[in-house]
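In what follows, a single structure is set out as structure tokens and then discussed.
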2 protein chains.
Amino acid sequence: MNAMKQLLAATVCVAAFATIGGTASANDELIKLQGTAGQWAIPAGNYASQRFSTLTQINTKTAKNLRPVWTFSTGVLRGHEGGPLVIGDVMYLSTPFPNKVFALDLNNNGRILWSYEPKQDPNVIPVMCCDTVNRGVAYGEGKIFLHQADATLVALDATTGKVAWSVKDADPGKGATGTSAPLVVKDKVLVGVSGGEFGVQGHVTAYNIADGSRAWRAYSEGPDDQLLFDANTTSMGQPVGKDSSLKTWQGDQWKIGGGATWGWISYDPELNLVYYGSGNPSTWNPTQRPGDNKWSMTVFARDPDTGVAKWVYQMTPHDQWDYDGINEMILADTTVNGKPTKALVHFDRNGFAYVLDRTNGTLLQANKYDPKVNWATHVDLATGRPEVVSQYAPGDQGADHNTKGVCPAALGSKDQQPASYSPVTHMFYVPTNHVCMDYEPFKVSYVAGQPYVGATLSMFPPAGENNLGNFIAYDVNDGKIKWSIPETFSVWSGALSTSGGIVAYGTLDGQLKIVDQKTGKQLYAFKTPSGIIGNVNTYTHNGKQYLAVLSGVGGWAGIGMAAGLTEDTAGLGAVGAYKALSNYTQLGGVLTVFGLSN
Amino acid sequence: MNAMKQLLAATVCVAAFATIGGTASANDELIKLQGTAGQWAIPAGNYASQRFSTLTQINTKTAKNLRPVWTFSTGVLRGHEGGPLVIGDVMYLSTPFPNKVFALDLNNNGRILWSYEPKQDPNVIPVMCCDTVNRGVAYGEGKIFLHQADATLVALDATTGKVAWSVKDADPGKGATGTSAPLVVKDKVLVGVSGGEFGVQGHVTAYNIADGSRAWRAYSEGPDDQLLFDANTTSMGQPVGKDSSLKTWQGDQWKIGGGATWGWISYDPELNLVYYGSGNPSTWNPTQRPGDNKWSMTVFARDPDTGVAKWVYQMTPHDQWDYDGINEMILADTTVNGKPTKALVHFDRNGFAYVLDRTNGTLLQANKYDPKVNWATHVDLATGRPEVVSQYAPGDQGADHNTKGVCPAALGSKDQQPASYSPVTHMFYVPTNHVCMDYEPFKVSYVAGQPYVGATLSMFPPAGENNLGNFIAYDVNDGKIKWSIPETFSVWSGALSTSGGIVAYGTLDGQLKIVDQKTGKQLYAFKTPSGIIGNVNTYTHNGKQYLAVLSGVGGWAGIGMAAGLTEDTAGLGAVGAYKALSNYTQLGGVLTVFGLSN
């Protein structure tokens, strides 16, 4: 092992050396690494969350020659969302609870250079609403950052795996858990929190990379000093004014108001803004929390140095469906409605694809990316508010009325599984759910650490259809779907597009698929060991391009299998819809690395 | 699923139809199937346990073009010994505890046609000495036979997975468990039992396929009517006479005398004899059980219709090392010492390769297949007894003396991992351990269901060496090793040889390797998801040849990882020797199927 550790030290030193001469900021290194096509140094590939690579060896002509070149079982069974980082000759991988981290040697078919397994109280498991997932680690300044299930943020030495520092971000005893990948921005590491089903008060927190001290924390609800809002400058079209959140809640409900921040974070170095979304207001039961419940279901654009919000946009005021707004914010300089735009593109759980001017939050477009979406007719671009169809709005027909046939279901037309943007085609490649629901609210009381949901759900495909998912190409110039590939189950895997003209994604039944960006034509498919809910990435090693993806079925869609649930309404309604999944695949976390035949 | 079930029914009907017109015996069908190179209908490939196939598409020239074509995670983490059967278009696979059985559709990249999971008391887990393994299912007359961990033998309808019948073979409350693959012979299914570390009285039992009723049971120790010995005809050189077992035990010790039967069973249809071995006498501590402890450590040749023994041969009388005699008996018509011979070849745990005339049990050859073996100088071919080196015989230097540097270790120069015989080269390809031990006996009392071992062991490679295993080619004509490939860890995977001139095996660190039968030169290697302790097999589907192997580290060698043990002497001494394994691989059961590139 000494030889391997030396090799690893050398590798990391090369990376560290690249920062010397610039500023001491981790940012510079990461911007350099994200511009290096052979690396995958940021969970989403780059700060813009495009999940795009300029690599071209694997392309529309060669994709048929792909085959697995090595594989790695993680030793953990439940759902494997997220994916690995690649920095130099080392791949960094994290698992669902117990959140093992592995440093794998690319020079040696993934031999383990070091591994880390935190000591965590297993009582955190029942507090994780939608499987015990972990969406990956972040890298910066020679450290690997892991957000553990128990809401501890830990910094590991990238060379040795030794703990550099560790900080408790939130209290799992109150339902706050860690599932998301952190993001390193400048000299800070940013991390959100899960727990919208347990009445957390959601927040994003920035810690100083050097020592783990807290730089700032921004809550999703509460007084302005907790929101880090400036009443005069933080805007949604115009300044939001004083107490913009407090005014939209009854009494102190904001203190257990949800707005969890468990999704992805993007960053625009030029504008110096980070972007992320907040989740559902707590409780789910809408009649128990009147008002717009700001700033749940909101896109935040914040200054990463201070945390202060520049602009916000709430997609689903007074959520009645659990349409969390946490899905990734893709930053793309592209053409929208015929005009070159610094766009932020966000495929929301509520079924609308939002396109905003990311410099100021102006809403430019909000079109349905699944034609079955029925809870709202459209979004008013002037006010930004959806035109809700009362028939499909739980609570509108009575506090405990069972609202039937709502599309999409609570898990949305898309959940956290990130889309990809290809500058080659100017198209967005979106893994989608195609699922509707019956939603029956019931009264619930808040008890710290207990589920605070108040709704019974059933899920099913749209009437007359069988496929629970589609993989689509979406054009934000005209706001239309260009092609769509029906899939048996929801596409719960993150996509990848490249300059090779390909787009890659995984299916819940375990296929890694490569299709043509232009046409959606399938170029390659391989049945991996288990259902794929991980995100595909790509990198080069010794001059050769590889694709990597975690299989390991689970997540919200696979929660029945992952947690051994059988009641149709269990798993917040997901168990019934995905029951057939166990005829296709079984649990088990495995990384598969694909390369081209010689 | 209906369409799939119809397809499966059709497939099995074709197989069943093949038997009409012959006798009603499952035997005839299996003999036909083992002669059909595209099938793998018997756990060891054929009744002779040769693990050989006449298929030639994958050969010394084409092996370099192999690549995984589909994979299947079993959803079970602990050690995956054994391997799948292939009958028609269906693959049948079993897992370690909880002993799931899957029927996988070869027409659809392994989609699950049906699965079966028994309800078993998890208290059986601590009664399994050397991981919770299961070495595969057997097939016969449209039924799949599973020997569950809790020593229940169950017959499943091969088309539907429904339980046809179920019978309790032994009592896990007394330490008897099921790990071995059953063997179907004629209208019976034969099954042995594990539990030599718990003082079972080992037995093989034959059940009638039709209804699960017991046909016969033959114990390893006890009175002649329990042994199914005929004092006048059952022979070892000459008739063994009356009470051949009772005379070699002190008092009633034979009742808890071990001789478990947890290995493989072979069958010679022409001679109408089945062959298998018995394991260690209980307790391990040798001074507590004086005598030869017959018929532990013994090869039995029995009539499958009546169970009566035709001949026996005890390899290690009064075992002082735990050198179980259960390793496979390979039946080969080959040249031994220059003469054409109906041979039985057995690579024993004790480090000697025994060659017997399988018609009558005459011992023809007994040479060391690891030059480091030091517990005996040689085996006297006339008496059949080893010449023990007292220095390396625990108990000889005092009842509690710590005997140091004994080679091989208790897990033998080879354990259950089966070798392969190639009629192409007349060579045996043997996965071996290269491990020595310190062995310190201590006094132990029998308590039903509690470990009855009485020894503390440490294991390590031979002095001055680092490799814990070798994969060897062994020639029984002259009793010599022809070539040897050193491996970092024990080779705990069953080998496969074919008419294509290749031999395949897996390594504990997860490599599937293909080498040239003649030279041992490596032709192909692939890093599977986890360490391989499964057995490689081969089959054709739609005219194309495939190789299949389970990865999933564990077994005795991997018990530290599988059971989470860390003390060097835990796992009966195996934990210390294989500690570095976790730097190479993690747990997780995955089938990988390999095919040739187009």
Side-chain angles (χ1 to χ4, degrees), chain A residues 1 4 64-78 80 93 95 100 102 104-105 108-115 117 488 509-512 525-531 551-554 561-562 564 580-595 597-598, chain B residues 1 4-5 64-78 80 93 95 100 102 104-105 108-115 117 488 509-512 525-531 551-553 561-562 564 580-595 597-598:
Chain A
M1 283 300 292
M4 272 193 284
K64 67 177 188 300
N65 300 323
L66 282 168
R67 83 275 189 240
V69 290
W70 60 272
T71 52
F72 177 79
S73 176
T74 67
V76 180
L77 288 181
R78 291 183 66 164
H80 283 59
L93 193 65
T95 76
K100 295 184 191 187
F102 296 103
L104 304 180
D105 183 1
N108 218 330
N109 284 346
R111 188 178 301 173
I112 301 164
L113 293 164
W114 57 256
S115 64
E117 183 175 335
T488 310
D509 52 357
Q511 302 277 340
L512 182 277
F526 181 85
K527 169 68 181 61
T528 65
S530 179
S551 59
V553 76
M561 294 187 69
L581 197 50
S582 64
N583 298 328
Y584 291 78
T585 195
Q586 297 286 303
L587 301 180
V590 175
L591 180 86
T592 305
V593 177
F594 296 84
S597 299
N598 292 321
Chain B
M1 281 302 293
M4 272 191 284
K5 285 210 171 133
K64 67 177 189 299
N65 300 323
L66 282 167
R67 84 274 188 241
V69 290
W70 59 271
T71 52
F72 177 79
S73 175
T74 68
V76 180
L77 288 181
R78 291 183 64 164
H80 283 60
L93 192 64
T95 75
K100 295 184 191 189
F102 297 102
L104 304 180
D105 183 0
N108 218 331
N109 284 346
R111 188 177 300 175
I112 301 164
L113 293 163
W114 57 257
S115 64
E117 183 175 337
T488 310
D509 52 356
Q511 301 276 341
L512 182 278
F526 181 86
K527 169 67 181 61
T528 66
S530 179
S551 59
V553 76
M561 293 188 68
L581 197 49
S582 64
N583 298 329
Y584 291 78
T585 194
Q586 296 287 303
L587 302 180
V590 175
L591 180 86
T592 304
V593 176
F594 297 84
S597 299
N598 290 322

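The figures that follow rest on heavy atoms only: side chains count, while hydrogens, waters and symmetry mates do not. Chain A is the first sequence line, chain B the second, and so forth, proteins listed ahead of strands; every chain is numbered from 1.
- Neither the backbone nor the side chain of A:S115 comes within contact range of chain B; no heavy atoms are under 4.5 Å apart.
- Taking CH2 of B:W70 as the reference point, atom OG1 of A:T528 lies at 12.5 Å (rounded to 0.5 Å).
- For B:L77 against A:V76, the heavy-atom pair with the smallest separation is CD2-N, 4.3 Å.
- Side-chain N or O atoms of B:T71 include one that pairs as donor or acceptor with a backbone N or O of A:K527 at under 3.5 Å.
- Only the backbone of A:T585 has a heavy atom closer than 4.5 Å to any heavy atom of chain B.
- Considering only heavy atoms from C-beta on, A:Q586 comes within 4.5 Å of B:I112 through its side chain.
- Contacts between A:F72 and chain B at a heavy-atom distance below 4.5 Å involve backbone atoms as well as side-chain atoms.
- Ranking A:P529, A:P68, A:G75 against chain B, the residue ahead of the rest is A:P529, based on heavy-atom pairs under 4.5 Å.
- Note that CG of B:N109 and OH of A:Y584 are 12.5 Å apart. Values are rounded to the nearest 0.5 Å.
- Of all the listed residues (B:L587, B:D509, B:L104), the one sharing the greatest number of non-hydrogen pairs under 4.5 Å with chain A is B:L587.
- The two residues A:S530 and B:S73 make their nearest non-hydrogen contact at CB-CB, 4.1 Å.
- With a 4.5 Å cut-off on non-hydrogen atoms, A:V69 touches chain B through its backbone but not through its side chain.
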